[in-house]
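Each chain gets a letter, A, B and so on, in the order the sequences are listed, and its residues count up from 1.
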Number of protein chains: 2
Amino acid sequence: MNFFQFFQQNAKAKVLAKGDVLFHQGEACQQLFYVQSGLLKGFYLDEQGNESIKSFIGDNDIITSVQAVAGSGISSFSLQALEETHVLAIDFALIEAQRMKDLTFANELVGILLKFAMKKERREFELLTLSAEQRFIQLAKEHAIWLDKITQNDLARYLGITPVGLSRIKKRVLGDHE
Amino acid sequence: MNFFQFFQQNAKAKVLAKGDVLFHQGEACQQLFYVQSGLLKGFYLDEQGNESIKSFIGDNDIITSVQAVAGSGISSFSLQALEETHVLAIDFALIEAQRMKDLTFANELVGILLKFAMKKERREFELLTLSAEQRFIQLAKEHAIWLDKITQNDLARYLGITPVGLSRIKKRVLGDHE
DNA sequence: ACGGAGCGTTAACCCAAGTTAAAATTATGA
DNA sequence: TCATAATTTTAACTTGGGTTAACGCTCCGT
């Protein structure tokens, strides 16, 4: 069976208002979500309350805590809506059951995981090899839309710096044109 | 069919001497490798010649360039042996063919990819949320063996800092006990 | 229109890590 | 064993980004 057919047949629709949390760091997460529309952030919070943003998730993205559904059962991060967001939720157990008996489905899952792996490899590359300034330039090029929709605080926490740091980088990079 | 059976039947053994390169950044990579014994580093080299180490790969690890086999065809990093290393090499096309017709095989691949995704998520977490010093402490705890086998230059490039920086961190963390 | 909340900017000061270069230590090979 | 190369440490100086706090702007809500 086709992955998205399966999704449509077995998933439940959910609507999140701005600020709503889909799942919390430290709690169980047994579902996988497909984002129909809207925008979410996945983020870590440490003991001191420092936030680090793992990723932004938008239209047509699939999101879950891999650690939770395939490992410990507990999510290591939270997922929160930055605006009104419509998602489809499906129990991961259903996906597991289906892939065990459906070759086409299993192979679509392989494809999805390969794409996911490439995305993570990319992010790893940027965090490892680029300076904060280079990461900002990269982001501004590839996700220009984010600059409008996402607050500077969140953008900074995604780049691994503070909002103050990002403000300085913006000044340096975008220039004053005085 | 079982993944490792398949591997054993279709893979070619290769022996790498210290310093040998399994595949080069910027070149095609169509194979997947299973490390029987030894140690490799996967690393990026930028235009200025700065090296960043993506990962160390040891006994029983599976390694390939996901970008290359599932995306552009070109590897974004190089893979080099840090000591004599024995690997099994298999064409990724064979894996693709097998997973398309073998449910068990496809699902084992899903399992492998889920584990890979968890590893990458972990690395992303560390690069995003921890300071260089915290990353070193973490590494010393989890991979104490690496401290002996791997040069400080390589360890530093894995942590995202310079060898000089790592020397300072070691002094700070391990203390002088004077 | 006013007052506050939230967001972004700026400034002053601090510190971790980069850079360069020299010194010290450890490995390696003839 | 000794000489040379490679690795690690140390030192001096620079720099990017953190921290704190003040300031300004904008957007609401009343």
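- Picking from dG17(D), dT10(D), dA17(C) the nucleotide with the shortest atom distance to the side chain of Lys171(B) gives dT10(D).
- Ring orientation note: the planes of Tyr158(A) and Phe56(A) are tilted relative to one another, at an angle of 30° to 60°.
- Note on ring orientation: taking the six-membered ring where Trp is involved, the planes of Tyr34(B) and Phe4(B) are perpendicular (angle over 60°, cut-offs 30° and 60°).
- Atom P of nucleotide dC15(C) and atom CD of Glu133(B) are separated by 14 Å, given to the nearest angstrom.
- Remark: P of dT20(D) and CG of Asn50(A) are 10 Å apart, rounded to the nearest angstrom.
- Remark: Lys119(A) does not engage Glu124(A) in a salt bridge, criterion side-chain N to carboxylate O under 4.0 Å.
- Using a 4.0 Å cut-off, some side-chain N or O of Arg172(A) falls inside it from OP1 or OP2 of dG17(D).
- Glu142(B) and Gln138(B) are linked by a side-chain donor-acceptor pair at a separation below 3.5 angstrom, with hydrogens and angles left out of the test.
- In this structure, the CD atom of Gln134(B) is 17 Å from the P atom of dC15(C), given to the nearest Å.
- Taking the six-membered ring for Trp and the full ring otherwise, the centers of Phe125(B) and Phe77(A) sit at least 6.0 Å from each other.
- Residues of residues 140-170 of chain A that place a heavy atom closer than 4.0 Å to DNA chain C, in numerical order, are Thr151(A), Gln152(A), Asn153(A), Val164(A), Ser167(A), Arg168(A), Lys170(A).
- The nearest whole Å value for the distance from the CG atom in Leu130(B) to the P atom in dG18(D) is 15 Å.
- Using cut-offs of 30° and 60° on the angle between ring planes, the pair Trp146(B) and His143(B) is parallel.
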